[in-house]
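To keep things clear, I will list the structure first and then write my remarks on it.
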Amino acid sequence: DAKTTQPPSMDCAEGRAANLPCNHSTISGNEYVYWYRQIHSQGPQYIIHGLKNNETNEMASLIITEDRKSSTLILPHATLRDTAVYYCIVRAGSGGSNYKLTFGKGTLLTVNP
Amino acid sequence: DAMVIQNPRYQVTQFGKPVTLSCSQTLNHNVMYWYQQKSSQAPKLLFHYYDKDFNNEADTPDNFQSRRPNTSFCFLDIRSPGLGDAAMYLCATSRDTTSYNEQFFGPGTRLTVL
């Protein structure tokens with residue numbers, strides 16, 4: 001699996017957009033970019049995933065650069081409840097290991113009042 | 001609401017005393033996973049079941065085993081827990097193992113080994 005690089009921590013003011021970057025410079029053509037978050041002492045929560053195109057759902061937007069070497073997760077209006085560790089994961093598109101989510105260290109996002 | 005349920009949420013066991021953690025799902029998903037998350041670390045996959053087919057990760061210790069008696073339930077058995085096995089154990093499910101289907105996680109069971 002391709003590895004990802006995320007900043008260890010970020011701060012965001014409540015009500016503002018939170019932009020979480022992720023580098024995945026060795027990503028292969030059929031590998032997906034997944035984002036999960038984990039609020040303290042809870043199980044990881046799926047946020048969004050994408051292959052090439054930008055994606056948006058009710059939780060967030062995912063912007064993937066044209067060369068696919070990096071992506072940004074955008075929480076448009078962060079709330080205190082969005083304080084969590086955010087994991088960017090590159091997942092194999094096919095083959096024997098495509099079932100696997102390999103979590104890195106993630107980014108601790110702290111939303112401040 | 002369809003969900004992944006883990007019981008108990010907190011489990012205390014003694015060093016060397018076998019312990020079983022439980023996971024159930026109402027999503028009717030084919031795949032069930034067990035992850036281990038030690039303090040301040042990321043979750044790490046131990047193994048998964050695709051229907052009745054068991055798939056172990058290469059670095060999962062033999063001390064950890066799993067059973068899946070039916071679609072809805074999956075158990076994690078730790079035969080002889082050591083102090084190093086204290087962790088949060090997370091169960092997850094997915095419809096299948098394709099990359100466009102996400103995994104849904106339960107709330108976890110925090111295991112303490114005395």
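Order of the sequence lines sets the chain letters (A, B, ...), proteins ahead of strands, with each chain counted from 1.
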message: Grouping I, L, V, M, F, W and Y whenever their side-chain heavy atoms are under 4.5 Å apart, do A/Leu109 and A/Met59 come out in a common cluster?
response: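 Yes.
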message: Under 4.5 Å between side-chain heavy atoms, counting indirect links through other Ile/Leu/Val/Met/Phe/Trp/Tyr residues: same cluster for A/Leu73 and A/Ile63 or not?
response: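 Cluster IDs for A/Leu73 and A/Ile63 differ.
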query: To the nearest 0.5 Å, what is the distance between CD (A/Gln42) and CG (B/Leu90)?
result: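 Output value for this atom pair is 11.0 Å.
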field: Approximate separation, where rounding is to 0.5 Å, of A/Leu101 CG and B/Tyr35 OH
entry: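 The distance works out to 4.0 Å.
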query: Any chance NZ of B/Lys44 has more than 12 other-residue heavy atoms, nucleotides or ligands included, within less than 6.0 Å?
result: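 Enclosed: over 12 neighbouring heavy atoms sit under 6.0 Å from NZ of B/Lys44.
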Over 12 non-hydrogen atoms of neighbours within 6.0 angstrom of CG in B/Asp62: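 Open: at most 12 neighbouring heavy atoms sit under 6.0 Å from CG of B/Asp62.
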query: Given side chains that start at C-beta, do those of B/Gln103 and A/Pro44 come closer than 4.5 Å, heavy atoms only?
result: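 No, too far: nothing below the 4.5 Å cut-off.
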- prompt: Which residue pairs satisfy the salt bridge (charged side-chain N to carboxylate O under 4.0 Å, His left out) criterion with at least one member in residues 63-72 of chain B, sequence neighbours excluded?
  reply: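 Sorted result for residues 63-72 of chain B: B/Arg67-B/Asp77.
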- prompt: Taking only residues two or more places apart in sequence or in another chain, which ones pass ring pair (Phe, Tyr, Trp, His ring centres under 6.0 Å) with A/His49?
  reply: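 A/His49 satisfies ring pair (Phe, Tyr, Trp, His ring centres under 6.0 Å) with A/Tyr32, A/Tyr34, A/Tyr46 once adjacent residues are dropped.
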task: Please answer whether the main-chain N or O of A/Gly43 pairs with a side-chain N or O of B/Gln37 as donor and acceptor at a distance below 3.5 Å.
output: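 Judged by distance alone, no pair lies under 3.5 Å.
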query: Does any heavy atom of chain B fall under 4.5 Å from the side chain of A/Gln45, the backbone, both, or neither of them?
result: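 Neither part.
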message: Please find the pair of heavy atoms, one from A/Phe103 and one from B/Ala42, that lie closest to each other, and give the distance.
response: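 Residues A/Phe103 and B/Ala42, closest heavy atoms: CB-CB, 3.6 Å.
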field: Option passing side chain to side chain contact (heavy atoms under 4.5 Å, CB included) with A/Tyr99 (candidates B/Asn55, B/Leu45, B/Val31)
entry: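 Option passing the side chain to side chain contact (heavy atoms under 4.5 Å, CB included) with A/Tyr99: B/Leu45.
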message: Taking every non-hydrogen pair under 4.5 Å, which of B/Gln6, B/Glu57, B/Arg9 racks up the most with chain A?
response: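 Looking at each option in turn, the highest pair count goes to B/Glu57.
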